[in-house]
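Please read the structure below before turning to the comments.
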Amino acid sequence: MFTGIITDIGTIEGVEQRGDTQFTISSTYEPSGIALGASICCSGCCLTVTSVQAGPQSGSHFTVDVSAESLSRTTLGVWREGTQINLERALKAGDELGGHIVSGHVDGTAQIVSIDDEGDSRRFVFRAPDTLARFIAPKGSVCLDGTSLTVNEVDGSHFGTNLIPHTLAVTCWGNAKTGDHVNLEIDMLARYVARLSESVSQ
């Protein structure tokens with residue numbers, strides 16, 4: 001489990017095609033603190049560490065294997081050497097829950113429709129798939145590329161959110177462009193409430 005609070009920006013250092021696709025990712029995380037089999041949320045996707053070593057100067061390089069199914073349902077299929085991604089280590093008992101509960105199981109992708117400066121912040125409008133839009137509510141939580149964000153408003157399949165300067169500086173969001181696709185995980189509470197409502201109405 002994760003909280004949607006990004007703790008590092010990683011860089012894709014290598015992409016290798018095997019039975020699955022293997023990504024090598026550089027980070028500032030200390031290699032001694034990453035166990036084989038550990039879960040790291042990579043731009044919203046919970047991935048398992050299959051190897052880890054010290055970086056050439058500092059930090060670490062770790063590898064993850066990604067199935068064709070995951071590549072088809074997320075933005076991971078367009079990752080290339082040099083791609084930067086948001087990283088978060090798994091939640092530990094006693095850690096501060098600064099965002100909301102995130103599983104790292106991506107539901108689909110959303111597209112950035114517009115980006116506008118609003119004061120010191122930046123306002124993003126996204127288009128969600130129709131099958132997922134019904135789970136997104138004003139003032140609710142949503143996880144986009146691993147980042148816990150609060151929804152400002154919803155208009156059909158479109159929804160908006162604001163990112164403050166700090167978030168733009170410590171994540172990959174500062175480089176986001178109109179037309180980009182991002183990984184979307186809906187709030188699991190919203191999913192269960194919708195499921196319960198369906199059961200009651202039947």
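Using modelled atom types and a 3.5 Å distance limit, the side chains of Asp8 and Thr28 yield a donor-acceptor pair.
Atom CE of Met188 sits about 9.5 Å away from atom CG of Asp107, to the nearest 0.5 Å. Note that CG of Leu168 is 5.0 Å distant from CZ of Arg122, once rounded to the nearest 0.5 Å. Between the SG atom in Cys41 and the CD1 atom in Ile5 there is a gap of 11.5 Å [rounded to 0.5 Å]. Note that the CD atom of Glu185 and the CD1 atom of Ile101 stand 10.5 Å from one another [nearest 0.5 Å]. Leu149 CG to Cys143 SG: the interatomic distance, rounded to the nearest 0.5 Å, is 7.5 Å. Interatomic distance, SG of Cys42 versus CG of Leu87, reported as 5.5 Å (0.5 Å rounding).
The hydrophobic cluster containing Ile9 does not contain Val78, counting ILVMFWY residues as joined when their side-chain heavy atoms lie under 4.5 angstrom apart, directly or transitively. Residue Trp173 is not grouped with residue Ile12 when hydrophobic side chains (ILVMFWY) are merged at heavy-atom distances under 4.5 angstrom, including chains of intermediate members. Following chains of ILVMFWY side-chain contacts shorter than 4.5 Å, one cannot reach Val182 starting from Trp79, and the two form parts of different hydrophobic clusters. Linking Ile, Leu, Val, Met, Phe, Trp and Tyr residues whenever their side-chain heavy atoms come within less than 4.5 Å places Leu144 and Phe135 in a single cluster. In terms of hydrophobic clustering, with Ile, Leu, Val, Met, Phe, Trp and Tyr side chains grouped at heavy-atom distances under 4.5 Å, Val125 and Leu132 are assigned to different clusters.
Proximity of Pro56 to His61: side-chain heavy atoms (C-beta onward) are separated by under 4.5 Å at one or more points. Between Val64 and Cys45 there is no side-chain heavy-atom pair separated by less than 4.5 Å. Considering only heavy atoms from C-beta on, Thr161 stays 4.5 Å or farther from Val142 through its side chain.
Ion pairing between Asp180 and Lys177 holds under the 4.0 Å rule for side-chain N and carboxylate O.
Annotation for Ser121 and Ile164: closest pair OG-CA, 3.7 Å, computed over non-hydrogen atoms. A pairwise comparison of heavy atoms in Asp130 and Ser157 identifies OD1-CB, 3.6 Å as the closest pair. Nearest approach of Thr7 to Arg89, heavy atoms of both residues: OG1-N, 3.9 Å. In plain terms, the two heavy atoms of Ile136 and Ala128 that are nearest each other are CD1-CB, 4.0 Å. Here the closest heavy-atom approach between residue His100 and residue Ser148 is recorded as ND1-OG, 2.7 Å. What you find for Val106 and Arg73 is that their closest heavy atoms are CG1-O, 4.2 Å.
Screening Thr21, Asn183, Ile85 against Leu76 for a side-chain contact (heavy atoms from CB on, under 4.5 Å) leaves a single residue, Asn183. Across Asn152, Thr167, Thr150, a single residue satisfies side-chain hydrogen bond (donor to acceptor under 3.5 Å, both in side chains) together with Asn162, and that is Asn152. Each of Ile6, Thr171, Asp145 was compared with Ser43 under the side-chain contact (heavy atoms from CB on, under 4.5 Å) criterion, and only Asp145 meets it.
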Only pairs under 3.5 Å count here: list side-chain donor-acceptor contacts from residues 108-116, not counting sequence neighbours, and write none if there are none.
residue, atom, partner, partner atom, Å
Gln111, OE1, Arg127, NH1, 3.0
Gln111, NE2, Gly179, O, 3.2

Please report, to 0.1 Å, the donor-acceptor pairs under 3.5 Å made by any side chain of residues 46-54, with sequence neighbours excluded.
residue, atom, partner, partner atom, Å
Thr50, OG1, Thr63, O, 3.2
Thr50, OG1, Thr63, OG1, 2.7
Ser51, OG, Thr63, OG1, 2.5

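Counting Ile, Leu, Val, Met, Phe, Trp and Tyr side chains that sit under 4.5 Å apart, directly or through other members, Val102 shares a hydrophobic cluster with Phe2.
Residues passing the ring pair (Phe, Tyr, Trp, His ring centres under 6.0 Å) test with Phe62, sequence neighbours excluded: none. Evaluation of the salt bridge (charged side-chain N to carboxylate O under 4.0 Å, His left out) rule for Arg18 yields Glu16 as partners, not counting sequence neighbours. Phe159 pairs by the ring pair (Phe, Tyr, Trp, His ring centres under 6.0 Å) definition with Phe126, not counting sequence neighbours.
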Q.
One pair to check against side chain to side chain contact (heavy atoms under 4.5 Å, CB included): Asp20 and Gln22. What are the steps and the verdict?
A. CA-CA 6 Å; Asp20 290 326; Gln22 183 182 83; over 6 Å; no
Q | Test side chain to side chain contact (heavy atoms under 4.5 Å, CB included) applied to Thr3 and Asp95, step by step | A | CA-CA 10 Å; Thr3 68; Asp95 283 353; over 6 Å; no
